Protein chains: 2
Amino acid sequence: MTETLKQGSATAASRIYETLRQDLLNGRYRAGERLSITLLRETYDVGLSPLREALNRLAAYGLLRQENQRGFRVLELTREELADITEMRRQLEGMALELAIRHGDEEWESQLLAANHRLARAGEHTPVVEWESLHSRFHSALVAPCGSAWLLRFISQLHDQFDRYRRVAPRAQELRHQLDSQHQELVDLALTRDARRARALIEEHITLSSEVAKRSCR
Amino acid sequence: MTETLKQGSATAASRIYETLRQDLLNGRYRAGERLSITLLRETYDVGLSPLREALNRLAAYGLLRQENQRGFRVLELTREELADITEMRRQLEGMALELAIRHGDEEWESQLLAANHRLARAGEHTPVVEWESLHSRFHSALVAPCGSAWLLRFISQLHDQFDRYRRVAPRAQELRHQLDSQHQELVDLALTRDARRARALIEEHITLSSEVAKRSCR
DNA sequence: TTTCTGGAAATAATCGATTATTTGACTCAG
DNA sequence: CTGAGTCAAATAATCGATTATTTCCAGAAA
């Protein structure tokens, strides 16, 4: 959905959509909270029509729940849904990584190395929002050449869902290092085209991330 | 998305969303066609705001393409995308069916038998729109207890995509019988809890449907 | 003929005001 | 007290009008 602003100048609706999406991922709004349209209008200083269009998109995308005549709500954070999202990510990203390793060319290898390098360079001092962007780009680069637009779409959608949990979870320094080194290992396995072990590792990586994210429920 | 009209009386936006969705699946609009908002307003006799909200939802759902400042377009029908949708359906519905067979209880068996019975009873004289509904319900019932809301969501979305191709394809009488008998076989394998063979059959079923649908491209 | 360019017409996007529905406080009968 | 009913305030949804952008065509220049 990020690429909605393909060419023409972004409309007010597209701009507020992207802003709201980021704010939802960053936990600016409490889980389950009702989003008052009047309040949002003032907060973001935006017209009613573009705002409502953005909210409708977010609901269709799955970041908001829409109840007729009762407006929009932020989704809850539950262990059950996190488990569902995690398992789907394991399956879909595992599948995508195998395909990417089969189909990826030299260009992919370069992009992957670059994305990994940029992510690895980012240290403690890097702003969170920037680290999140690099992290997101790394995982995108990893599966990019899987050959299925729909698979990539579902994976992005699940990443957004997952991030809602991960970003509000308390910092877990001890697991952070392990997760970081897995990024490097994933690159190594991808470059040596070891699809079997790469798939196993990304599944483990997702499960480990989920352990961190789990601390944001209840 | 169908259950958007959960409780409260449906809003104009929800009603026009569902109507447009059906019309898009039924091929009322040509692939790639630009949907003039002014024209849609007259056609469906609906206000501008609810119409635009519905269009925004449909774009986020993937049944329309939105270009900033240039309105909405119906998606193209291409062999490449049909192949993608088909392969994704094979993987996801195969996965879901295995899970459903593992988790489904007696209630599921009853629902499945009922759905199959209603579908099998529908003969040549049955209105197409009703047959489509029964067919859709059968496939939903098959995977319903897979345990993953996200998996079911993705499968529904892919079904809608697939139906755009299938419904505009010319009638294929010779394959129709084979597809119908596969429905019965799927029920048999589900009830005997033969996950392995059931998965193989649903994958075959999807591939065969795809052969029919392929005749709608180019 | 082809390629710009200006500007009117068409159309998408947005705004401001209005209508419809829900929410919550209050009343009163049981 | 409790629960149903009622009304006013809050808020979501919709409408009608306005603004901004794109599209398209005529006419000029190469």
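Quick note on labels: first sequence line is chain A, next is B, and so on, each numbered from 1. None of these values were measured; they are calculated from a predicted model.
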Could you state the atom-to-atom distance from [atom1] of [X] to [atom2] of [N] in whole Å?
X: A:I37; N: C:dT19; atom1: CD1; atom2: C1'; result: 15 Å
X: B:R70; N: D:dT21; atom1: CZ; atom2: P; result: 13 Å
X: B:L51; N: C:dA13; atom1: CG; atom2: C1'; result: 13 Å
X: B:E67; N: D:dT21; atom1: CD; atom2: C1'; result: 14 Å
X: B:L55; N: C:dA12; atom1: CG; atom2: C1'; result: 11 Å
X: A:R73; N: D:dA12; atom1: CZ; atom2: P; result: 11 Å
X: B:Y17; N: D:dA13; atom1: OH; atom2: P; result: 16 Å
X: A:N68; N: C:dT21; atom1: CG; atom2: C1'; result: 11 Å

With rounding to the nearest 0.5 angstrom, report the [atom1] to [atom2] distance, [X] to [Y].
X: A:Q66; Y: A:L35; atom1: CD; atom2: CG; result: 11.5 Å
X: B:L92; Y: B:F154; atom1: CG; atom2: CZ; result: 8.0 Å
X: A:L48; Y: A:I37; atom1: CG; atom2: CD1; result: 6.5 Å

Under 4.0 Å between a side-chain N/O of [X] and OP1 or OP2 of [N], yes or no?
X: A:S36; N: D:dA10; value: no
X: A:R52; N: D:dA13; value: yes
X: A:R34; N: D:dT11; value: no

* **Polar side chain donor-acceptor pair, A:Q161 to A:Q157, under 3.5 angstrom** => no
* Indicate whether the side chain of A:R90 and that of A:T207 have a donor and an acceptor atom separated by less than 3.5 Å. =>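 Judged by distance alone, the side chains do pair up.
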* Among the candidates C:dT14, D:dT21, D:dA13, find the nucleotide nearest to the side-chain atoms of A:Q69. => D:dA13
Protein-nucleotides 15-17 of chain D N/O pairs closer than 3.5 Å?
{"residue": "D:dC15", "atom": "OP2", "partner": "B:G47", "partner atom": "N", "Å": "3.3"}
{"residue": "D:dC15", "atom": "N4", "partner": "B:S49", "partner atom": "OG", "Å": "3.1"}

* Asked: Are B:E124 and B:R176 within salt-bridge range, i.e. N to O under 4.0 Å?
  -> no
* Sequence neighbours excluded - salt bridge (Lys or Arg N to Asp or Glu O under 4.0 Å) pairs with any residue from residues 137-149 of chain A -> none
